[in-house]
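For reference, the structure discussed in these notes is given below.
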Amino acid sequence: MEEPAVALVGAGQMGGALVRGWLAAIRRGGGLTLTVVEPNFDPALQRELEAAGALLNPAGGEVADVVVLAVKPQAFAEIAAGAKRFIGPQTLVLSVMAGVTIASISRTLETDRVVRAMPNTPGQIGHGVTAFVAAAACTGPDRDLAAQLLEPLGVVESIPNERLMDVVTAVSGSGPAYVFLLAEFLAAAAEAEGLDRDIAARLARQTVAGAGALMLETGESASNLRKQVTSPGGTTQAALDVLQAADGLGPVMRRAVSAAAQRSRELGRDAESQT
Ligand SMILES: NC(=O)c1ccc[n+]([C@@H]2O[C@H](COP(=O)([O-])OP(=O)(O)OC[C@H]3O[C@@H](n4cnc5c(N)ncnc54)[C@H](OP(=O)(O)O)[C@@H]3O)[C@@H](O)[C@H]2O)c1
């Protein structure tokens with residue numbers, strides 16, 4: 001599609017990150033026609049959108065090629081009627097709403113061309129990972145377009161089956177919280193070993209951030225990078241002996257991810273029973 005007409009509903013954290021990326025693509029010469037519906041625009045974003053000729057909060061609305069839904073899941077029912085004006089038989093609906101199933105979106109918006117995506121918070125700075133799944137009615141070009149529109153959030157991965165969205169939610173959706181917790185526990189351990197609280201927090205924070213950046217920039221696997229800082233009989237090895245023990249981090253992470261996936265399934269069932 002040369003210049004897809006995109007209607008975005010909800011320009012908060014995620015929608016804002018998406019639309020900022022699309023604006024950058026427009027400035028590089030990429031074609032997109034933009035309509036954005038948002039009750040409380042960030043003023044800077046609003047100015048950028050106006051400068052790019054985007055249509056903001058139109059009273060009416062023309063059918064779009066893609067409608068992107070980036071409101072909170074609980075706002076979906078409220079925005080549905082308004083979003084329908086942008087949807088025609090050829091429109092692709094791309095949702096980043098956590099936990100709202102393809103079936104529920106299809107039923108509510110009366111369309112079967114739906115892509116459901118799960119981003120994560122680093123997407124707000126373009127370093128996220130977003131997994132998406134497309135309904136059976138979507139074409140190859142639909143999937144390509146959805147992937148392209150999600151790129152401003154970072155890496156995009158396609159998954160084959162919507163049931164796996166619960167696992168995606170547990171791994172990459174919730175995953176940033178696990179990493180932040182690691183930084184918190186590392187800081188607490190540093191403090192317990194005698195460091196001042198502030199320096200402990202700074203050392204832990206930068207260690208987690210720096211290790212993530214090293215993984216990204218080198219493209220090396222996590223296990224290779226770990227081996228590079230581990231000399232036999234050394235200090236890192238002493239810590240890893242604890243972390244990799246039978247009752248160490250491995251089984252704890254396995255239980256944590258399993259609990260999150262289970263909760264995602266439960267929330268999905270609750271949401272389905274309410275629609
Ligand atoms: N943030 C994440 O890391 C993350 C990760 C995975 C999935 N998601 C999903 O992404 C979606 C958006 O999350 P978010 O963090 O970006 O939330 P957010 O910052 O609250 O953004 C939602 C935006 O939609 C706006 N909105 C509310 N009612 C509207 C309406 N009737 N018409 C148009 N816009 C309306 C909100 O405006 P008001 O502020 O005025 O209400 C807000 O600006 C959610 O469904 C969430 O599940 C987010």
Greater than 12 external heavy atoms within 6.0 Å of [X]'s [atom1]:
{"X": "Gln74", "atom1": "CD", "result": "yes"}
{"X": "Arg265", "atom1": "CZ", "result": "yes"}
{"X": "Tyr178", "atom1": "OH", "result": "yes"}
{"X": "Gln262", "atom1": "CD", "result": "yes"}
{"X": "Arg163", "atom1": "CZ", "result": "no"}
{"X": "Glu157", "atom1": "CD", "result": "no"}

Does any N or O in the side chain of [X] come within less than 3.5 Å of the main-chain N or O of [Y], such that one atom is a donor and the other an acceptor?
{"X": "Glu162", "Y": "Ile102", "value": "yes"}
{"X": "Asp142", "Y": "Thr139", "value": "yes"}
{"X": "Thr230", "Y": "Thr236", "value": "no"}
{"X": "Ser172", "Y": "Val168", "value": "yes"}

Quick one: do [X] and [Y] end up in the same hydrophobic cluster if we chain Ile, Leu, Val, Met, Phe, Trp and Tyr together by side-chain heavy atoms under 4.5 Å apart?
{"X": "Val155", "Y": "Leu149", "result": "no"}
{"X": "Leu203", "Y": "Phe185", "result": "no"}
{"X": "Val68", "Y": "Met14", "result": "yes"}

dist Leu32:CG -> Gln148:CD (nearest 0.5 Å) comes out at 8.0 Å

Tell me whether [X] is salt-bridged to [Y], with the criterion being a basic N under 4.0 Å from an acidic carboxylate O.
{"X": "Asp112", "Y": "Arg107", "value": "no"}
{"X": "Glu266", "Y": "Arg263", "value": "yes"}
{"X": "Glu48", "Y": "Arg27", "value": "yes"}

Exactly one candidate in Leu8, Val96, Val114, Ile79 meets side chain to side chain contact (heavy atoms under 4.5 Å, CB included) with Leu69; the answer is Ile79

Closest non-hydrogen contact found for Met118 with Met165 is N-CE, 3.8 Å

**Request:** Take Val93 and Val115, measure what side chain to side chain contact (heavy atoms under 4.5 Å, CB included) needs, and give me the verdict at the end.
**Result:** CA-CA 6 Å; Val93 174; Val115 169; over 6 Å; no

